[in-house]
Amino acid sequence: MPNSTTQTASTAQAVIGLAELAQVMSITPDKLKQNWRRWHARLGMPRKHHAGDFWPRAMIEVWLTSQAYVKAVPSNDNTFEVSEEVHQTRVDEQNKALRESLGVGA
């Protein structure tokens, strides 16, 4: 039987808590608590665990990625290196698209 420390570490990797998810989404934990049900119904956000304010990490990662309605730069060159400036521009565009789709401020 695994010890509780191992179980806790494994569980921590499998779920994302309220504070961490709010930080990733650039909103407050209160805003997340108030709106997650609406985002679940409207945007397909995964349901939180019935035992507390945490969500399945893998499902949240897929959902967050799917909410960024930004076209990728077309390229089949797997050796192509994206400059830091272009990378940051894409990240900023994706964050903006996510905030807009969730209806949260800049």
Side-chain angles (χ1 to χ4, degrees):
M1 172 191 248
N3 67 39
S4 60
T5 304
T6 303
Q7 290 173 332
T8 302
S10 176
T11 302
Q13 292 173 1
V15 298
I16 184 168
L18 178 72
E20 182 182 0
L21 181 54
Q23 182 180 11
V24 168
M25 295 172 70
S26 300
I27 59 174
T28 65
D30 286 341
K31 179 127 182 136
L32 177 55
K33 280 184 100 163
Q34 293 168 359
N35 292 291
W36 81 266
R37 283 182 189 90
R38 182 168 50 93
W39 296 333
H40 169 70
R42 194 179 82 186
L43 302 171
M45 180 180 187
R47 294 181 78 61
K48 71 181 188 80
H49 194 279
H50 67 277
D53 291 329
F54 52 93
W55 289 258
R57 185 177 298 274
M59 291 176 71
I60 286 292
E61 288 173 356
V62 169
W63 178 73
L64 287 172
T65 303
S66 72
Q67 297 306 304
Y69 301 109
V70 178
K71 293 182 181 177
V73 177
S75 175
N76 287 332
D77 184 359
N78 292 336
T79 61
F80 178 74
E81 292 188 27
V82 177
S83 72
E84 183 61 33
E85 182 179 320
V86 170
H87 171 74
Q88 190 58 50
T89 299
R90 292 293 178 230
V91 169
D92 293 343
E93 289 172 349
Q94 291 170 346
N95 285 334
K96 181 180 178 214
L98 176 61
R99 283 193 215 69
E100 287 174 357
S101 72
L102 296 175
V104 297

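Here the structure is a predicted model, which means the values were calculated and not measured.
Between the side chains of D92 and Q88, at least one donor-acceptor pair of N or O atoms lies under 3.5 Å.
I27 and W39 make their closest contact through CD1-CH2, 3.7 Å (heavy atoms, listed as atom of the first residue, atom of the second, distance). Here the closest non-hydrogen pair linking G103 and K31 is O-NZ, 4.4 Å. L43 and S101 make their closest contact through CD1-O, 3.3 Å (heavy atoms, listed as atom of the first residue, atom of the second, distance). Summarising the geometry of L102 relative to W63, their closest heavy-atom pair is CD2-CH2, 3.6 Å, with the distance given to 0.1 Å.
For the atom pair CE (M45) and CG (N35), the distance works out to 9.5 Å, reported to the nearest 0.5 Å. I60 CD1 to M25 CE: the interatomic distance, rounded to the nearest 0.5 Å, is 7.5 Å.
Considering only residues two or more places apart in sequence or on other chains, H40 meets the ring-ring contact (aromatic ring centres under 6.0 Å, His included) condition with none of them. Legend: residues meeting side chain to side chain donor-acceptor pair (under 3.5 Å) with D53, ordered by chain and number and at least two apart, are K33, K48.
Proximity of a side-chain donor or acceptor of R42 to a complementary backbone N or O of R38 within less than 3.5 Å is not detected. Looking at R57, its side chain never comes within 3.5 Å of a backbone N or O of A14 through a donor-acceptor pair.
Between H49 and F54, the angle of the ring planes stays under 30°, which puts this pair in the parallel group of the 30/60° scheme.
Note on E85 versus R90: no salt bridge recorded, every NZ/NE/NH1/NH2 to OD/OE distance being 4.0 Å or above.
Hydrophobic clustering of Ile, Leu, Val, Met, Phe, Trp and Tyr side chains at less than 4.5 Å, counting indirect connections, unites L18 with V24.
A 4.5 Å side-chain heavy-atom check between R47 and W55 finds every atom pair outside the cut-off.
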